[in-house]
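One structure is given here, and the rest of the page talks about it.
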Amino acid sequence: MTELKSRIRDGKLHSKVTSPREAASLIGDGMVIACSGFTPAGYPKAVPLALAERVKEGELLRLSLWTGASVGPELDGALAEVGAIKRRLPYQTDDLLRCKINSGEVDYIDIHLSQCPQMIRHGFLGEIDFAIVEAVAINEGGGIVPSTSVGNSPTFVKMAKRVIVEVNITQPLDLEGMHDI
């Protein structure tokens with residue numbers, strides 16, 4: 001916990017630090033979640049796995065999942081496996097999720113990645129309940145320092161009603177400054 005808090009340099013945010021399970025408990029059935037990530041890089045892992053665990057324990061949870069591009073197994077794979085994805089956009093590469101899309105179990109909006117931010121900003125896709133983004137740190141002013149991808153994260157964070165920042169302490173702090181946002 002000490003290393004995590006050292007990466008959150010805005011001391012006012014220390015009281016908001018919580019476990020992935022507690023963060024996931026804020027997300028309810030039918031919500032729209034928008035997650036960072038572009039290819040299997042920079043996407044949240046712990047909170048989506050905690051969401052999947054809730055479904056395994058018997059809770060009904062069907063979410064609309066938006067990302068910047070394809071993501072890894074801890075997000076698309078884990079949520080598809082437990083049937084927690086109701087709608088997915090704009091791009092994915094998970095085999096199980098693809099089967100669920102093709103069978104009609106998951107609604108899929110196949111739009112070009114570059115169209116998503118504008119469509120979201122103009123409200124064409126509805127509102128985002130939660131943005132969940134991976135970061136290596138939060139700076140002194142509360143700014144999110146992205147990990148290994150940016151993608152649609154700025155739009156997701158700006159347009160979401162609430163934001164969960166998953167601070168990944170396995171990623172080097174040397175990533176700070178790599179992105180021009």
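A quick note: this is a predicted structure, and the numbers were derived from the prediction, not measured.
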Arg9 side chain to Ala137 main-chain N or O, any donor-acceptor pair under 3.5 Å? no

Under a 3.5 Å distance rule, please check whether Ser36 uses its side chain to pair with a backbone N or O of Ser153 as donor and acceptor. no

Donor-acceptor pair between Glu22 and Ser25 side chains, under 3.5 angstrom: no

With a 4.5 Å cut-off on side-chain heavy-atom distances among I, L, V, M, F, W and Y, is there a chain of contacts connecting Val47 to Val165? no

Check ion pair [X]-[Y] (N to O, under 4.0 angstrom):
X      : Y      : answer
Lys161 : Asp129 : yes
Glu176 : Arg7   : no
Glu57  : Arg21  : yes
Glu105 : Lys100 : yes

Within 6.0 angstrom of Glu127 CD, more than 12 heavy atoms from elsewhere: no

More than 12 non-hydrogen atoms from neighbouring residues, nucleotides or ligands closer than 6.0 Å to CD on Gln118, yes or no? no

Cation-pi check, Lys158 to Phe156: give yes when NZ or CZ is under 6.0 Å from the six-membered ring centre and within 45° of the ring axis, no otherwise. no

In Å and rounded to the nearest 0.5 Å, what is the CG to CD1 distance from Asn139 to Ile8? 11.5 Å

